[in-house]
Amino acid sequence: MRSSQYLLATMKENPADAEIISHKLMLRAGLVRRLASGLYTYLPTGVRTLRKVERIVREELNKAGAIEVLMPMVQNAELWQESGRWEQMDAELLRFQDRHQRDFVLGPTHEEVITDLIRREVTSYKQLPLNLYQIQTKFRDERRPRFGVMRAREFLMKDAYSFHLSQESLQQTYNAMYQAYSNIFTRLGLDFRAVLADSGAIGGSVSHEFHVLASSGEDAIAFSDSSDYAANVEMAAALPPQGERPAPSQSLAKVSTPNAGSVEDVAALLNVPPAQIAKTLIVRGCNEDGEDSGFVALMLRGDHQLNALKAEKHPRVAQPLTFATDAEIEALTGAQPGSIGPVGLEIPLVVDHSAAHLSDFVCGANQNEHHLTGVNWLRDIADFETSDLRNVVSGDASPCGQGVLEIRRGIEVGHIFQLGDKYSQAMKAGVLNEEGKNQILTMGCYGIGVSRIMAAAIEQNHDEHGIIWPDAIAPFQIAIIPMNMHKSVRIQQAAEQLYQQLTEAGFEVLFDDRKERPGVMFADMELMGIPHQIVIGERNLDQQQVEYKHRRSGDKSLLQLDQVLTEMQSKLQSA
RNA sequence: CGGUGAUUGGCGCAGCUUGGUAGCGCACUUGGUUUGGGUCCAAGGGGUCGCAGGUUCAAAUCCUGCAUCACCGACCA
């Protein structure tokens, strides 16, 4: 491609509304443009990378036995009513009507459509298992789209759905997908981890997320420092502390803590570490039948954070997790949040293991601007139960039993689930089994955020000059940068010849034939992150040489003009 | 959905307090200059100041409503 005949669309300045580095660079390097909130146009350079990601995903899935289909993005409401998600999903599901006032949705995912297809087309156990995938645009009306294509409303996703008669068969496909995903992210050249995950609203049991590690990631991941264990922090179990709770040594006392509501304030005022303070959170509770039963108090160590997922799964806690309002707290305890505590509180008490291991601790006194010190379990608070309620923190013992946890941030680019029969049951997707009886299918589903991968790759691979694409997904492999070509026939001939030679050899070459100053061309090619640059200038050409520069390492070397092709072939053989 | 802020040429911004008919940098066009890291000089083109209404002799500027966009929070395969 000649840059003079291409839409380069690079920008020198950062657009004002881009926040994270990948968003800024995607705009500046001319990959995307915003159309409206959460909606992006992919420019030619962006499409090139997107297609490369798609290609790798497609190849690895095909290799793993999945079969490509393409389903409509517009879906009829009946299917969603049948699965129950027409009612379950909120405004995230974009609904609209056609000219006959029939209800439709813009597909945020395709479980309904694929399950409908399978129940019509598959009638015998002999046709199973089956794993179908598509690469399709999704629409989710996110409450708050942000970070460019990272959390867009319209985005490109690979979604696969597998159908089985047995858990063993599902597990087999699940394992194959796990391996295929690992292969995909390895080929993409990304630093990633597969982590244990919650299956969330989609339902199901076993689930792994694939995360690209990046400090800007929205998710926190817990790793063991001495095993393969990795889990989303929302899933990582916090083990109860070892050993016996220390015996009480202080007596209960009430102290005045004016203007000290937060754990930090109280710790500073009383000169105790936050870990010696217990904080109390009041949430709505429920009974065994899931009916509202008033309030429940949750207690955590002052330096720990509530894990909403764990709390919500506790049988005494109402779903969804709902915090008591300030007024409710005051009515219940006689004090405002910041001064509440478990002593004398007449509601069920669920205490995190770590908080339950404290002795002589500090907590609110249920009297405004007062706290209790020297508080001890059993002696001062008789009735409570313990549970795992907190987020793990760096340094916690790993739930796998080996090593301690380390926390890092990641961007979720893939998610695989064992769905079970949630959709097949609701939509009556079954086949005749070997006994000739109808059997409901069990399902798996497997997603990859194709457009998000682009942003994640940039978050992980950039420097102050711009993007540093991994070879496998760079929009172009080689940039030819001639110095003052428009003044030198020699340079023009050398550049044209190299361009032709490399292009014919199958390389994707961007030939910067613009009548621009060298600095402009260098800056643009580096901003775009083209991995391999060839600079043609008068002084090297005297020795029949050109300069090669590697974008990532910055290494420069001189190449004989007639060696360029073989050099590039050896550098790019794997791509 | 709650809070905060923004909207002036393709991009980034000033002007608004104190109303008088729009400006800067980059980009773009033309000519010259320069030529291995975003040159320099000169001349140009491009804006119903987000939309609607109001106040006024006069509105980018003051008032009201609406829309759009972003950030923080809640939410989220």
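Note that the structure is a prediction, hence the values are computed from the model and not measured. Here is the naming used below: chain letters follow the sequence lines, and residue numbers restart at 1 for every chain.
At least one donor-acceptor pair closer than 3.5 Å links the side chain of Gln460(A) to the backbone N or O of Asp191(A).
Between the side chain of Asn540(A) and the base of G36(B), a donor-acceptor pair under 3.5 Å is found. A donor and an acceptor atom never sit less than 3.5 Å apart when one is taken from the side chain of Arg146(A) and the other from the base of C71(B). In terms of polar N and O atoms assigned as donor or acceptor, the side chain of Glu13(A) comes within less than 3.5 Å of the base of G25(B) in a complementary pairing.
With Phe139(A) as the aromatic partner, Arg153(A) does not meet the cation-pi criteria of under 6.0 angstrom to the ring centre and within 45 degrees of the ring axis.
Among Tyr174(A), Tyr446(A), Phe210(A), the single residue meeting the ring pair (Phe, Tyr, Trp, His ring centres under 6.0 Å) criterion with Tyr181(A) is Phe210(A).
At least one side-chain nitrogen or oxygen of Ser37(A) sits closer than 4.0 Å to the OP1 or OP2 atom of A70(B).
Take the nearest nucleotide of RNA chain B for Thr10(A) and for Pro15(A): the residue whose nucleotide is more 5' is Pro15(A).
On the P atoms, G10(B) is 9 Å away from G47(B), given to the nearest whole Å.
Counted by atom type alone, Arg85(A) and Tyr423(A) present one or more donor-acceptor pairs between their side chains at under 3.5 Å.
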Query raised in the report: Which letters describe nucleotides 28-35 of chain B, given B = protein heavy atom under 4.0 Å from base, S = only from sugar-phosphate, - = neither?
Result: ------BB
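Pair assignment for U18(B) gives none, since no Watson-Crick or G-U wobble pairing has each distance under 3.5 Å.
With sequence neighbours excluded, no residue forms a side-chain hydrogen bond (donor to acceptor under 3.5 Å, both in side chains) with Tyr178(A).
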Residues 516-525 of chain A side chain polar contacts: donor-acceptor under 3.5 Å, at least two apart:
residue, atom, partner, partner atom, Å
Asp524(A), OD1, Thr10(A), OG1, 3.0
Asp524(A), OD2, Thr10(A), OG1, 3.3
Asp524(A), OD2, Arg514(A), NH1, 3.1
Asp524(A), OD2, Arg514(A), NH2, 3.0

